[in-house]
Number of protein chains: 2
Amino acid sequence: MQTEPQGVSTKDTEAGVGTRERVVRAASRLLQRQGYEGTGIKLIAREAEATLGSVYHFFPGGKEELAVAAIRHGDREFADMLGAGLDSSDDPAVAVENCARRLATALRASGWTDGCPITATALETLGRTPRIQEACGAALRNWQEVLAVKFRDCGFGGEEADDLACTVLAALEGAEMTAQVFRSEQPLLTAGRHMAQLIRSRS
Amino acid sequence: MQTEPQGVSTKDTEAGVGTRERVVRAASRLLQRQGYEGTGIKLIAREAEATLGSVYHFFPGGKEELAVAAIRHGDREFADMLGAGLDSSDDPAVAVENCARRLATALRASGWTDGCPITATALETLGRTPRIQEACGAALRNWQEVLAVKFRDCGFGGEEADDLACTVLAALEGAEMTAQVFRSEQPLLTAGRHMAQLIRSRS
DNA sequence: CCACCACTAGAACGATCGCTCTATCAAGTG
DNA sequence: CACTTGATAGAGCGATCGTTCTAGTGGTGG
C-alpha cells in the first residue's frame, strides 16, 4: 500500500502520485538529461523521493526494466506533445511548423536540457541492450505514426505519408539536438520552416 | 619515446601509429558507440593497446580532456566523409542525396553501431561539462559550414545556404539515429531524397 | 658515462556502481 | 487477535569507476 495519501490531489510533479509513478517519471527525466549509464539507480530513487527497496520492489528486473518503463513513459509524453502541436492547424505544413515552435519554446523553458526523451539512451545502448532498443524503436515508430496519421488525414497517400513522417521526425530530432548544443531556438524554427515547405511542395 | 616502430607503415587501424593517436582513435570510436559515461578510461586504454599511465601522460586533464580530443577527431573524420560525399556531384541536391547514401552504406557496414561520432556524448554531457559541449558545438558548426560552402558554391545566397545547411545536417543526424535504432538504411535514404527535393525547390 | 626526460607499466585509493538482503511497517483478512 | 501481503527502509556486497602515485625503461645530449 502507498503510505502517502492517494486521492488528495493530482498535482503533476509532486506527491499524491503513487511511488511507482514517481520513480518512472524521475527515471524518464534523468535518462533524458544524462543518458542510461550516466544515471544511477540511487539517484533516481532520491529524485523520486523513494527508497532503493521500493525501486527494486516495483522493478525486480533492475535498472534495465526501469529504463524500459521510463522510455515508454517518455514515449507517451512526447506523442502527446506532438499530437497537440499537430492539432493546432488543419494545414499539415502549418501544423508541423507549429510543432517545431512548441518544441523550441519548451526546450528553452527547460534551460535547454529537456530535449527528446529517448535519444541519449537509445544511442548509448544500441546493440547492447535489446529490450531498451526495442522500447526506443517502438517510441520512434509511434511518433512517426502520429505524424503519418495527420498526413493521411490531409490527403497524402499511405506510402508518401509514411515517408514524410519519417523525414519530418528525423529533422525535428536532429534540430532539437542541434538546438540543445547551441542553446538556440533557431535550428528548430528553421527546420520547421523547411519541413513546412517540403510538405507544401508535395501536396 | 614510443616503443613501437614509427615509420614502418601508415596502416590505419594498427601499429605504426603513435600511442597518443591510438588512444584518441579508440576513445572516439568508443564514445561514438557507448557515450561518455558508458566508456571507462581503462577500456579505452585496453582497446588502444596502451596503459593507464600513457593515457594520463598524454591527457593530464583526465577523461574530460581525452573526450575533447576524441570529439575533435570525430569532427575531422565526419567532415571528411561529408566533404567527400558532397564532391560526388556538382548538383547540390544530388550531392546531398549521395551523402545520405554513403552514410547509410557505412552505417550498415559497421553493424549499425557507428553513427554520428558525437551525438551520444553531446546529449549526455549537455549543460554539465562545458568544455565537451563546446567541442561538440564546434563540430556541428564545422559540418554545417562544409554544407553551406557547397550550397554557396552552387549559387545559394549566404543566409539561405546557412539555413539549408542547418536543416540538412539536422535531418541527416536524425535519420542516422533512426536508421541505427531500426537497423535499416531506409530512414537515411528517404531523408536524402527529401532533402534533395527541398534543395531543388529552393534553387 | 651518466643525468635527464619522455614514456610505459600497473598497483592502489576512495568513491560509487547495480544489486541483494533482512527488517520493519501498515492494512486487509480469517 | 494472529497472519498474510504489499510496500518501505537502508546496510552491505563485490565490482568497477576515475584518478594518483611510484617504479622502471630506453634513447639522447652534455
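Please read these numbers as outputs of a predicted model, since none were measured by experiment. Note on naming: letters A, B, ... go to the chains in the order of the sequence lines (proteins, then strands), and numbering restarts at 1 for each one.
- Summarising the geometry, the separation between NE2 on His57(A) and C1' on dT20(C) is reported as 16 Å, rounded to the nearest angstrom.
- The CG atom of Leu82(A) sits 9.0 Å away from the CG atom of Asn142(A) when rounded to the nearest 0.5 Å.
- Regarding Phe58(B), its CZ atom lies at a distance of 14 Å from the C1' atom of dA9(C), rounded to whole Å.
- Taking the charged nitrogens against the carboxylate oxygens, Arg152(A) and Glu145(A) do have a contact shorter than 4.0 Å, which makes a salt bridge.
- Toward the 5′ end of DNA chain D lies the nearest nucleotide of Lys63(B), the other residue of the pair Lys63(B) and Gly53(B) mapping further downstream.
- Pairs passing the side-chain hydrogen bond (donor to acceptor under 3.5 Å, both in side chains) check and including a residue from residues 54-68 of chain A, sequence neighbours excluded, read Thr51(A)-Ser54(A).
- Note: CD (Glu49(B)) to P (dA9(C)) measures 11 Å, nearest angstrom.
- Residues meeting the side-chain hydrogen bond (donor to acceptor under 3.5 Å, both in side chains) test with Arg128(A), sequence neighbours left out: Gln34(B).
- Close to dT8(D), at under 4.0 Å from its OP1 or OP2, lies a side-chain N or O of Thr19(A).
- At dT8(C), one or more side-chain N or O atoms of Ser54(B) fall inside 4.0 Å of OP1 or OP2 (strictly under the cut-off).
- Here dT16(C) presents its C1' atom at 14 Å from CD of Glu37(A), a figure rounded to the nearest Å.
- For the contact set between residues 39-47 of chain A and DNA chain C, defined by any heavy atom under 4.0 Å, the members are Thr39(A), Gly40(A), Ile41(A), Lys42(A).
- For the pair Leu52(B) CG and dC13(C) P, the interatomic distance rounds to 16 Å; values are reported in whole Å.
- Atom pair Arg20(B):CZ and dT8(C):C1' shows a separation of 17 Å (rounding to whole Å applied).
- Rounded to a whole Å, the CZ atom of Phe59(A) is 17 Å from the P atom of dG6(D).
- Side-chain atoms of Thr51(B) lie closest to dA9(C) of the nucleotides dG18(C), dA9(C), dA6(C).
- Sequence neighbours left out, the pairs with a member in residues 95-148 of chain B that pass ring pair (Phe, Tyr, Trp, His ring centres under 6.0 Å) are Phe78(B)-Trp143(B).
- Remark: Asp87(A) engages no residue in a side-chain hydrogen bond (donor to acceptor under 3.5 Å, both in side chains) (not counting sequence neighbours).
- The side-chain contact (heavy atoms from CB on, under 4.5 Å) search around Leu189(B) returns Arg101(B), Ala104(B), Glu185(B), not counting sequence neighbours.
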